[in-house]
Amino acid sequence: MSHIHGMTRLLRGVAQRQRRHEANMARISERITRLSRQVDEMDERVCSLKALLASHDPSSKRLDRGELFEVQRRQAVIRRQMHVLALERSRLLADKQIVEPELANAREAYLVCVKKQQKYQHRLVQLKRARRLAALCRDELEQEELTPWAK
């Protein structure tokens, strides 16, 4: 009987670890999703800045010197913003590359817990079956002892 209790205790422990791994995988997946969303937002901002830069093209207009310098200053600001966004995007991609192996490790740990649970569950079924068979044998022996044999 103590083997069955020990096995159920192991099953509870594995289930608890399994829930922790599931929560960890969900947290890491959410972080990867957030990083991907931020990268997509950066890409959209860069596209809009490129369109803005293209709209500030001085070659299609006749400008005096002051206006030309003003357009060039605006272009420099836009290019600087694009550069800052590119740096931020590369930082986000590096963070994402760091987090993705963590998700793979968490999945692996989760699968180990699932396999342990299956193993413990199978062993628990075997123990219960053995206990049931032993009880049947005992009952059968008691019946044989109680039954008088005619000679």
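Heads up: numbering here begins at 1 and tracks the sequence.
Using a 4.5 Å heavy-atom cutoff, the side chains of E88 and R91 are in contact. Considering only heavy atoms from C-beta on, Q75 stays 4.5 Å or farther from I78 through its side chain. The shortest distance between side-chain heavy atoms of E144 and L141 falls below 4.5 Å. A heavy-atom distance below 4.5 Å is not found between the side chains of H122 and Q118.
L111 and L10 are members of different hydrophobic clusters when ILVMFWY side chains are connected at heavy-atom separations under 4.5 Å. In the hydrophobic clustering of this structure, V46 does not group with L87; members are Ile, Leu, Val, Met, Phe, Trp, Tyr whose side-chain heavy atoms approach within less than 4.5 Å, directly or through other members. Residues M25 and V14 are members of separate hydrophobic clusters, defined by side-chain heavy-atom contacts under 4.5 angstrom among Ile, Leu, Val, Met, Phe, Trp and Tyr. When hydrophobic clusters are built by joining Ile, Leu, Val, Met, Phe, Trp and Tyr residues whose side-chain heavy atoms come closer than 4.5 Å, directly or via intermediates, M82 is not grouped with V71.
The CG atom of L85 sits 5.0 Å away from the CZ atom of R45 when rounded to the nearest 0.5 Å. One finds the CG atom of D43 at 12.0 Å from the CD atom of Q38 (value rounded to the nearest 0.5 Å). Interatomic distance, Q126 CD to Q121 CD, rounded to the nearest 0.5 Å: 11.5 Å. Taking CE of M42 as the reference point, atom OG of S90 lies at 9.5 Å (rounded to 0.5 Å). Summarising the geometry, atom CZ belonging to R37 is positioned 12.5 Å from atom CD1 belonging to I32; distances are rounded to the nearest 0.5 Å. With rounding to the nearest 0.5 angstrom, the NZ atom of K50 is 14.5 Å from the OG atom of S55.
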After noting the C-alpha distance and the side-chain angles of Q143 and E140, does the key distance pass the side chain to side chain contact (heavy atoms under 4.5 Å, CB included) rule? CA-CA 5 Å; Q143 288 296 324; E140 200 174 287; 5.7 Å; no
Between I28 and R31, is a side chain to side chain contact (heavy atoms under 4.5 Å, CB included) present by the stated rule, with each step listed? CA-CA 5 Å; I28 292 171; R31 186 169 176 207; 5.5 Å; no
Would you be so kind as to tabulate the donor-acceptor pairs closer than 3.5 Å made by side chains of residues 96-110, with sequence neighbours excluded?
residue, atom, partner, partner atom, Å
K96, NZ, S36, OG, 2.9
N105, ND2, P101, O, 3.4
Y110, OH, E22, OE2, 3.2

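Residue N24 forms a side chain to side chain donor-acceptor pair (under 3.5 Å) with just one option from R20, H21, R27, and that option is R27.
Checked by atom type and distance alone, the side chain of S29 never pairs as donor or acceptor with a backbone atom of A26 at under 3.5 Å.
The two residues Q117 and L11 have their closest heavy-atom pair at O-CD2, 3.6 Å.
Applying the salt bridge (Lys or Arg N to Asp or Glu O under 4.0 Å) test to residues at least two apart or on different chains, the pairs with a partner in residues 68-78 are E70-R73, E70-R74.
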